[in-house]
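Side-chain atoms are counted along with the backbone in the values below, which use heavy atoms only and exclude waters and symmetry mates.
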Protein chains: 2
Amino acid sequence: MRPSIRDTLLKSAVTLFALSGYNAVSLRDIAKAAGANVGSITYHFGSKANLLREIYDRHTKPMNARRRELLGEARRISNPEERLMAILRAYVVPAFISSSEGDGGGAEFTRMRAVLSAEGNSDARAIIADAFDETSHAFIDAVAECVPGAPLEGLVWRSQFLLGSLYYALINPERVTRLSGGVIDGNDREAAADQIVKASYASFRSLSVEPAKVDAGSHIPEPAQGKTA
Amino acid sequence: MRPSIRDTLLKSAVTLFALSGYNAVSLRDIAKAAGANVGSITYHFGSKANLLREIYDRHTKPMNARRRELLGEARRISNPEERLMAILRAYVVPAFISSSEGDGGGAEFTRMRAVLSAEGNSDARAIIADAFDETSHAFIDAVAECVPGAPLEGLVWRSQFLLGSLYYALINPERVTRLSGGVIDGNDREAAADQIVKASYASFRSLSVEPAKVDAGSHIPEPAQGKTA
DNA sequence: CTTCAATTTGTACATATGTACAAATGATAT
DNA sequence: ATATCATTTGTACATATGTACAAATTGAAG
């Protein structure tokens with residue numbers, strides 16, 4: 001069956017918001033993209049802010065559910081290195097690739113979040129605050145178990161960097177293409193997700209004070225880990 | 001001597017753009033913040049887009065110069081680990097901390113770049129493209145020398161993640177504070193710069209196919225490094 | 001077919017924005 | 001002091017935007 005106009009409006013809004021942010025996209029832009037009338041947006045959603053709220057409502061819950069599901073699987077892995085890798089993948093992949101129809105994830109929604117978080121619009125701020133990503137705490141805890149002795153400061157900042165990497169990969173993929181002289185495709189999301197997982201794996205692993213279990217020890221002259229020892 | 005109104009306007013514009021983006025800030029907002037009249041902006045800069053162009057002109061050159069200077073110093077370090085650390089610091093620090101009056105760097109300008117890059121405004125796009133960060137290539141080259149055998153794909157993506165981490169640390173510092181339960185101050189830029197350098201150090205180091213010079217070898221079961229072997 | 005509620009369309013309105021420009025003001029040199 | 005130029009102010013205008021709402025259309029139940 002044909003999707004309802006309501007759904008088409010929501011979808012168009014995500015696409016446009018992800019591309020140009022919240023302020024720059026007018027309700028008329030959204031209506032035009034959805035092949036509908038301006039008034040229909042007011043009718044279905046009441047206001048622009050509420051339209052955004054519905055977008056979040058629709059996506060965040062299933063996406064977090066998907067993350068929790070993958071995180072649960074990951075936690076059952078006994079080898080700490082493999083486990084860490086799986087945990088990171090559980091966080092990154094749902095944000096990049098929408099597996100099923102209703103998992104709420106995918107690059108477009110994540111890119112929208114990235115753009116809106118940068119924009120700092122007050123409407124958006126309130127909505128983002130409500131839809132706070134409760135999975136983050138669970139992830140940090142899970143990661144912490146893989147890197148014994150890691151200071152909280154290092155863990156939290158690296159989770160921040162992970163999110164920043166994820167966002168920027170979606171916001172500015174052209175930079176990768178350009179910087180590599182066209183050799184690497186910045187829009188290859190599978191590759192991007194893979195690289196983020198590997199890079200953050202290394203950055204988290206370096207926090208561990210214990211030597212790697214599998215090997216003798218990787219004592220690079222790691223500069224002291226800061227105040228929070 | 002008192003700064004000219006022209007300078008005050010530029011400074012106010014950076015502050016406001018860094019806070020709310022390009023679209024959301026009106027010329028009247030800028031004028032009010034600078035204690036000037038709307039017309040004075042048109043008089044001094046002609047248009048909003050040109051005001052932004054002047055901001056870039058004023059900042060990018062001295063900031064890149066500072067980066068090149070620090071990079072030059074870093075490259076003279078013989079020990080590859082220390083060198084890598086210094087190279088990363090040379091890239092990150094000018095973006096976070098403005099050392100001298102005219103070095104063009106600092107967190108505010110960098111945050112503005114972050115916000116504008118996410119916003120995708122067409123005025124801004126053109127200007128950003130012109131002020132392309134020519135130092136990035138030099139940095140990747142310098143980094144590559146520290147991690148022999150590293151595939152280009154890994155290097156480029158990690159440089160992307162570095163920039164994303166940097167940007168997001170400035171855009172959303174509250175998340176760090178909140179996520180740590182108030183223990184860690186997301187607005188502590190010295191700490192942020194430090195953490196970024198250390199995290200990206202680890203992520204770049206992990207690309208090296210040769211074992212660490214200082215130690216036996218850090219053969220974590222690193223999953224195969226992708227296509228570009 | 002008729003009725004009635006749900007939806008869609010069209011339009012109006014108050015407000016905000018970038019830009020243009022004439023008048024007022026200020027400073028500087030002769 | 002006066003003339004000349006640079007700056008600042010005030011205002012006007014065309015356009016765009018979020019929202020409200022009445023009229024038109026649609027679709028299903030009786």
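For the segment residues 14-31 of chain B, the set of residues with a heavy atom within less than 4.0 Å of an atom of DNA chain D comprises R28(B), in numerical order. The stretch residues 43-55 of chain B comes close to DNA chain D through Y43(B), H44(B), each having a heavy atom under 4.0 Å from the strand.
Straight-line distance from the CG atom of L9(B) to the P atom of dG18(C): 14 Å, rounded to whole Å. The nearest whole Å value for the distance from the CG atom in N37(A) to the C1' atom in dA24(D) is 12 Å. Atom CD1 in I41(A) sits roughly 16 Å away from atom C1' in dC21(D) (whole-Å rounding).
Of the two residues near DNA chain D, V38(B) and G39(A), the one whose nearest nucleotide lies more 5' is V38(B).
A donor-acceptor distance shorter than 3.5 angstrom exists from the side chain of E119(A) to the backbone of N23(A), with no hydrogens or angles considered. Side chain of D188(A) to main chain of A191(A): a donor-acceptor pair is present (N/O by atom type, distance under 3.5 Å, no hydrogens or angles).
Using a 30° and 60° split on the angle between ring planes, F17(A) and Y22(A) fall in the tilted class, from 30° to 60°. Between Y167(B) and Y168(A), the two ring planes are perpendicular [angle over 60°; tilted spans 30° to 60°].
Comparing atom distances between the I5(B) side chain and each of dT19(C), dT9(C), dT8(D) picks out dT8(D) as nearest.
A cation-pi geometry, defined here as NZ or CZ lying under 6.0 Å from the six-membered ring centre and within 45° of its normal, does not hold between K61(B) and Y56(B).
For the pair R66(A) and E69(A), the salt-bridge criterion is met [side-chain N within less than 4.0 Å of a carboxylate O]. Using a 4.0 Å cut-off between charged nitrogen and carboxylate oxygen, R58(B) and D7(B) count as a salt-bridge pair.
Here the closest non-hydrogen pair linking L166(A) and T110(A) is CD2-CG2, 3.5 Å.
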